[in-house]
*Asks:* 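Following this message is one structure expressed as structure tokens.
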Amino acid sequence: MFRTLNKGVAEQSQIQRTVMRTYIAFVIIYMLCGIAAIAVGIYYSNAKNESLRVFTVTAYSLRSYIFLGIYFIVCSLIGTLVALAPLRRRRLLQTHIGALAAIILTMLCISLWLWTRTLNIDGVYGKYWRNDWSDAIKDAFQRDGGCCGFLSRADAPYMQSPSCKDANIDYGCMYTVIFYAQHHHRYIYAGLIVFMLMSLGSMVTGIILLIQCDNEERLRWAQTQYLARKAKRYQDSLDDDSNTYSMHELQPTNMQSRHRN
């Protein structure tokens, strides 16, 4: 039985080393994803001529990559601390798994929110065009698309734009706006999908590592209990031998006292 337990502990340790390598690899990849997310957010924050890009996707969606990247890096640091001593930091590992699950749900909600915006993309951006966007933004779209107004040149145009001064142009900029919006939404979707896959992989390897840590702890506890029982039996056998030896010593003494009597 002792050999079986030793073999089980050895096999469990070998499995954990494999899981640990995978877990550490995901932690490193997750750190790189965090750095990439911060770089994307900073790029969109500092990029020139962001009128077309930022106002079709919204600045908050683009710059939120910075906060997403910071969150990834914090999760990676927690994963690094766990990797140094997973058996002693199981609570921290559970926190890491919970943080990954939370960010996966958050990114899923962001994806659903972006998807719902695309269901009525002409209505959403039509409202922005008529009520929110400045003349400079309208001018940028009208110059880029060679159009005037949103649905037509009668739909809230910026008349100082060269395209509106051309009487032959009577179509609006709706499709130009939608093109830019869909183009940049694809980049955001791609980034969110990659980040969600990395988060899911990190969470799954973390769960497997937690299960392996629990199994190894149970095996070590079983081994400790077995050794304790074996030590107790050995001590009991020593006590029995000592008592037997004492009985054998007493027997000759009793015989001598009888002969004297």
*Asks:* Can you list every side chain to side chain donor-acceptor pair (under 3.5 Å) pair that touches residues 27-37, not counting sequence neighbours?
*Replies:* Tyr30-Ser199
*Asks:* Going from CD1 on Ile73 to CD1 on Ile78, what distance comes out if it is rounded to the nearest 0.5 angstrom?
*Replies:* 12.5 Å
*Asks:* Drop me the distance from Thr18's OG1 to Leu209's CG, to the nearest 0.5 angstrom.
*Replies:* 11.5 Å
*Asks:* Give every donor-acceptor pair under 3.5 Å between a side-chain atom in residues 168-179 and any protein atom, sequence neighbours left out.
*Replies:*
from   : atom 1 : to     : atom 2 : distance (Å)
Tyr171 : OH     : Gly146 : O      : 2.9

*Asks:* For the pair Phe150 and Trp129, name the ring-plane relationship: parallel under 30°, tilted 30 to 60°, perpendicular over 60°.
*Replies:* tilted
*Asks:* Quickly, which of Ser134, Cys164, Ser163, Pro162 forms a side chain to side chain contact (heavy atoms under 4.5 Å, CB included) with Asp139? Name it, please.
*Replies:* Pro162
*Asks:* How would you list all residue pairs meeting salt bridge (Lys or Arg N to Asp or Glu O under 4.0 Å) that involve residues 147-163, not counting sequence neighbours?
*Replies:* Arg130-Asp155
*Asks:* Do Ile24 and Met20 touch side chain to side chain, with heavy atoms closer than 4.5 Å?
*Replies:* yes
*Asks:* For the pair Ile66 and Val40, evaluate side chain to side chain contact (heavy atoms under 4.5 Å, CB included) and give the outcome as yes or no after the intermediate values.
*Replies:* CA-CA 7 Å; Ile66 296 176; Val40 170; over 6 Å; no
*Asks:* Distance from Leu32 atom CG to Met198 atom CE, nearest 0.5 Å?
*Replies:* 10.5 Å
*Asks:* Identify whether Met159 and Ile137 are in the same connected component of the hydrophobic contact network (ILVMFWY, side-chain heavy atoms under 4.5 Å).
*Replies:* no
*Asks:* Measuring from atom CD1 of Ile38 to atom CZ of Phe67, what distance do you get when rounded to the nearest 0.5 angstrom?
*Replies:* 10.5 Å
*Asks:* Thr22: which residues meet the side chain to side chain contact (heavy atoms under 4.5 Å, CB included) condition with it, sequence neighbours left out?
*Replies:* Phe26, Thr205
*Asks:* Grab the two heavy atoms, one from Lys138 and one from Trp133, that are nearest each other, plus how far apart they are.
*Replies:* CE-O, 3.8 Å
*Asks:* I'd like to know if the side chain of Gln142 reaches the main chain of Pro157, judged simply by a donor and an acceptor atom lying under 3.5 Å from each other, with no hydrogens or angles considered.
*Replies:* no
*Asks:* For Arg90, give me all partners under salt bridge (charged side-chain N to carboxylate O under 4.0 Å, His left out), at least two apart in sequence or on another chain.
*Replies:* Asp214, Glu217
*Asks:* Please list, chain by chain and in numerical order, all residues satisfying side chain to side chain contact (heavy atoms under 4.5 Å, CB included) with Met196, sequence neighbours excluded.
*Replies:* Met107, Leu108, Ser111
*Asks:* When the side chains of residues 96-106 are checked against the rest of the protein, which donor-acceptor pairs come out under 3.5 Å, sequence neighbours left out?
*Replies:*
from   : atom 1 : to     : atom 2 : distance (Å)
His96  : ND1    : Tyr23  : OH     : 2.7
His96  : NE2    : Cys75  : O      : 3.2
Thr106 : OG1    : Ala102 : O      : 2.9

*Asks:* State the CD-CG distance between Gln160 and Asp135, to the nearest 0.5 angstrom.
*Replies:* 9.0 Å
*Asks:* Enumerate the residue pairs fulfilling disulfide (SG to SG under 2.5 Å) with a member in residues 91-135, sequence neighbours excluded, ordered by first and then second residue.
*Replies:* none
*Asks:* Using the test side chain to side chain contact (heavy atoms under 4.5 Å, CB included), find all partners of Ala167 that sit at least two apart in sequence or belong to another chain.
*Replies:* none
*Asks:* Flag yes if Tyr180 and Tyr158 sit in one hydrophobic cluster, no otherwise; membership is Ile, Leu, Val, Met, Phe, Trp, Tyr, and two members link when side-chain heavy atoms are under 4.5 Å apart.
*Replies:* no
*Asks:* Can you run down the side chain to side chain donor-acceptor pair (under 3.5 Å) pairs that involve residues 68-80, sequence neighbours left out, and say none if there aren't any?
*Replies:* none
*Asks:* Can you measure from CD1 (Ile28) to CE (Met31) and round to the nearest 0.5 angstrom?
*Replies:* 9.0 Å
